[in-house]
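Reading through the structure tokens given below for one structure.
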Amino acid sequence: MEAALCRAPLCPAGHLPHTGGDWQFCRQRLFCEAGDWRKQTRQPISLLVGEMSGRTEGGAVPLPIAIGEPSLFMAEPTASSPPLLAVEGVTKHFSGVTALSDVSLEVRPGEILGLLGENGAGKSTLLKILSGVMPPSSGRIVFDGADYAPSSPQDAKRHGIVTIYQELSLIPTLTVAENIFIGRAPLGPLGLVSWRKMEDASRAIIARVGLAIDPSTPVSSLSVAEQQLVEIARALSLKSRLIIMDEPTSALTETEVQKLMSIMDRLRKDGVAIMFVTHRLEEASAICDRMTVLRDGRLAGHLDRDGQPIQIPKIIEKMVGRAASELYARPTQRDVAGAVRLSVRRLRTVRDPLAPHAIVLEGVDLDLKAGEILGVAGLVGSGRTELARAIFGADRIAAGTIALDGQPIAPASPADAIKLGIGLVPEDRKHQAIFAALGILNNFSIASLSRYSNGAGFMAERREREALAGYRKALSIRMASPEQAIEGLSGGNQQKVILARWLARDPKVLIVDEPTRGVDVGAKAEVHQILVQLAARGIAIMMISSELPEVLAVSDRIVTMRRGRITGEMPGIEATEEKLMELMALDRKQEATQ
């Protein structure tokens, strides 16, 4: 009975087993001391990131740092400062495959070290070793002058190393204070949870990261940026000396990114060391003191700031082994003479009560030609994704018309749109595109089952495999076998599998929303080239992206959006970032006077 009560409130799916150890009753919930639960479940590590428990058999994690407590390291770090963390010749083998080979790096107190590299370069393997998820095959790690070999993520936390993963580990139904103290709630005289102590300590620690909210606020009501700060607050409450941040800005707006950068700078001044993993090279250039670059599991080199931001072309050259100009040379303007394939007129949508913050389309007009790449640019909240969803039948249309090859269509669902020849690669690949636990073959054929089945209703597996093999070669998909789980692929290769899924249906229109989000710089160039090749085959492509260099690199024509409306249009060859930003910032009054 105790085990059932203890597990259910924290994991509705039942993936957090009770170990029968220490547990505490608190109001209507029971905090479970589950230890290293990842060894007992096949759920992705990112689901709860091992943060559920702050205690293992080895002892308890320290209570929070008080707001007035002096910083751990007050001296300014210098090149001669002894490293806080030293990785010396670390190698990791998996079943004959070498994921890391003789990698060495150092992180000093009060320093932000960027860890960069393409997907598959070995960054994730190194992070798992440092955070205690797995041991290295060989090599040595020294932390604060002593050998460091964590047996679990909880052991890493006790040493002062905390990892904040890209997928946040907070529990939405719990409050901010409960999330910060989960597994280690302070107790009162009678052995019950002291809610006053918890909230007072939480209030002090969240103030340290600039978060002005009530600690009793449910996490579900916070923005993504605020949740990110709660994650950092929890790391600080563990008296972290090194915080590893894995893609912390991937889901943040520009304003939120700037706030996070300010917090990182403040932590640096307080002596906290940060290892910053990101695909956004502009952010790394702006904030990092030094960078370590990995390529194909090996050390590609180190880059130092030397008084000014590290230049992005230098970073790219280290990452991919060739000059940045070779990756992002803008193609010449193509002559798109195809007929109008998709036509949208006066398209309006209604507000969904289940998504009250979604943008409503207000009279959108656009045309998309066969063989054309139409770039759609706009700030967050401009209505770009809502436009894609409406065309794909995922959102209800209130007014307006959609025509495909001159014939009116009214897709009432994505299934209708797929039958009509429209495909969508959504922006949220993990939650809306891939089936993480399934193999590559199943992910590839899921939208074309009828094409790979025989008359008796069984799958014609040989034909299915042959089709995948063809796209594997054409798109240069790097994978071990068709049975490999797609979650084991890099972001770029996952994206190629999703593109192959739609190519197998031979679509008339392909909408790609943020096609290279979470994809490394080398794979970005490959995805761009694939889009150009698909357009050359006559497929009409609508590409939505938040990255203006990406829009400029591949678009034949570009439209801009703001607040659910089209605000401008120009040929791709004439567009510049400045021109697009000006159009993206137009408000209604300005539009009316143009």
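Residues: numbered from 1 along the sequence shown.
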Sorted by chain and residue number, the side-chain contact (heavy atoms from CB on, under 4.5 Å) partners of Thr278 (sequence neighbours excluded) come out as Leu116, Glu247, Thr249, Phe276, Arg280, Glu283, Ala284
Smallest heavy-atom separation, Ile440 atom then Ser481 atom, equals CD1-O, 3.7 Å
Item to complete: Indicate yes or no: does Arg196 engage Asp200 in a salt bridge with an N to O separation below 4.0 Å.
Response: no
Rounded to the nearest 0.5 Å, the CD atom of Glu483 sits from the CG atom of Leu441 at a distance of 6.5 Å
| What's the verdict on side-chain contact (heavy atoms from CB on, under 4.5 Å) for Val87 and Ser104, showing C-alpha distance, side-chain angles and the deciding distance? | CA-CA 5 Å; Val87 175; Ser104 299; 5.6 Å; no
Practice problem: Keeping the roles fixed (side chain from Gln484, backbone from Gly439), state whether a donor-acceptor pair exists under 3.5 Å. | Solution: no
Tested for side-chain hydrogen bond (donor to acceptor under 3.5 Å, both in side chains) against Thr98, the lone hit among His93, Lys92, Arg298 is His93
Strictly distance-based, threshold 3.5 Å: is any side-chain N or O of Glu199 a donor or acceptor partner for the main-chain N or O of Trp195? no
Got Met134 and Phe94 here, is their nearest side-chain heavy-atom distance under 4.5 Å?
-> yes
Show your working on side-chain contact (heavy atoms from CB on, under 4.5 Å) between Ile112 and Val107 and close with a plain yes or no. CA-CA 8 Å; Ile112 299 179; Val107 187; over 6 Å; no
Query - Ser262 (side chain) donor-acceptor with Gln258 (main chain) under 3.5 angstrom - result: yes
Across all chains, not counting sequence neighbours, the ring-ring contact (aromatic ring centres under 6.0 Å, His included) partners of Tyr148 are Phe143, His159
| Within the side chain of Arg268, is there an N or O that forms a donor-acceptor pair under 3.5 Å with the backbone of Ile274? | no
Q) Below 4.5 Å, heavy atoms only, C-beta onward: do Val176 and Leu222 meet side chain to side chain? A) yes
Inset, instruction - Look at the side chain of Ser202 and the backbone N and O of Pro215, then say whether any donor-acceptor pair between them is shorter than 3.5 Å. - result: no
Is the shortest side-chain N to carboxylate O distance from Arg108 to Asp289 below 4.0 Å? no
Item checked: Salt-bridge present (Glu526, Arg478; N to O < 4.0 Å) -> yes
Output for pair (Arg234 CZ, Arg184 CZ), nearest 0.5 Å, gives 8.5 Å
With a 4.5 Å heavy-atom cut-off, do Leu299 and Leu105 have their side chains touching? no
query = So, Ser169 and Glu231: side-chain donor and acceptor under 3.5 Å apart, yes or no?
reply = yes
- prompt: Side chain of Thr91, backbone of Asp102: donor and acceptor closer than 3.5 Å?
  reply: yes
Report task. State whether Lys314 and Glu317 are salt-bridged, where the test is any N-O pair (Lys NZ or Arg NE/NH1/NH2 against Asp/Glu carboxylate O) under 4.0 Å. Result -> no
Test side-chain contact (heavy atoms from CB on, under 4.5 Å) on Leu115 and Leu127 and set out the steps.
CA-CA 10 Å; Leu115 181 62; Leu127 294 194; 4.0 Å; yes
_Given 3.5 Å as the limit, does a donor-acceptor pair link the side chain of Asp265 with the main chain of Met261, or not?_
no
message: Checking the side chain of Glu178 only, and the main-chain atoms of Thr175 only, is there a donor and an acceptor separated by less than 3.5 Å?
response: yes
Residues Ala437 and Ala485: closest non-hydrogen pair is O-CB, 4.4 Å
Of all heavy-atom pairs linking Thr516 and Gln495, the shortest is N-NE2, 4.3 Å
Test your reading of the model: is there a side-chain donor-acceptor pair from Asp147 to the backbone of Arg140, 3.5 Å cut-off?
no
d(Leu229 CG, Ile206 CD1) to nearest 0.5 Å is 10.0 Å
- Message: Is any side-chain heavy atom of Ile161 closer than 4.5 Å to one of Arg241?
- Response: no
Nearest heavy-atom approach of Asn443 to Ala433 is OD1-O, 4.4 Å
Between His279 and Lys123, is there a side-chain heavy-atom distance shorter than 4.5 Å?
yes
Open item on the list: Set out, in order, the CA-CA distance, both residues' side-chain angles and the distance that settles side-chain contact (heavy atoms from CB on, under 4.5 Å) for Ile164 and Ile232, then state yes or no.
Closed with: CA-CA 7 Å; Ile164 300 175; Ile232 296 174; 3.7 Å; yes
> Are Glu550 and Ser545 close enough that a side-chain donor and a side-chain acceptor fall under 3.5 Å?
Replying inline: yes
Distance col, row Ser137:OG vs Ile129:CD1, nearest 0.5 angstrom, shows 7.0 Å
Residues Ile180 and Ile205: closest non-hydrogen pair is CD1-CG2, 3.9 Å
- Contact check, side chains of Leu130 and Leu85, non-hydrogen atoms, under 4.5 Å: yes
Sub-4.5 Å side-chain heavy-atom contact between Ile244 and Val162: no
CD (Gln432) and CD1 (Ile498) are apart, to the nearest 0.5 Å, by 11.5 Å
query: Quick one: do Glu111 and Arg290 make a salt bridge, cutoff under 4.0 Å?
result: yes
- Item | Side-chain (Lys496) to main-chain (Ser476) donor-acceptor, under 3.5 angstrom | yes
In terms of heavy-atom contacts, Ser131 and Ala156 come closest through O-CB, 3.6 Å
dist Leu236:CG -> Asp270:CG (nearest 0.5 Å) comes out at 8.5 Å
Ile486 vs Met479 side-chain heavy atoms within contact, under 4.5 Å = no
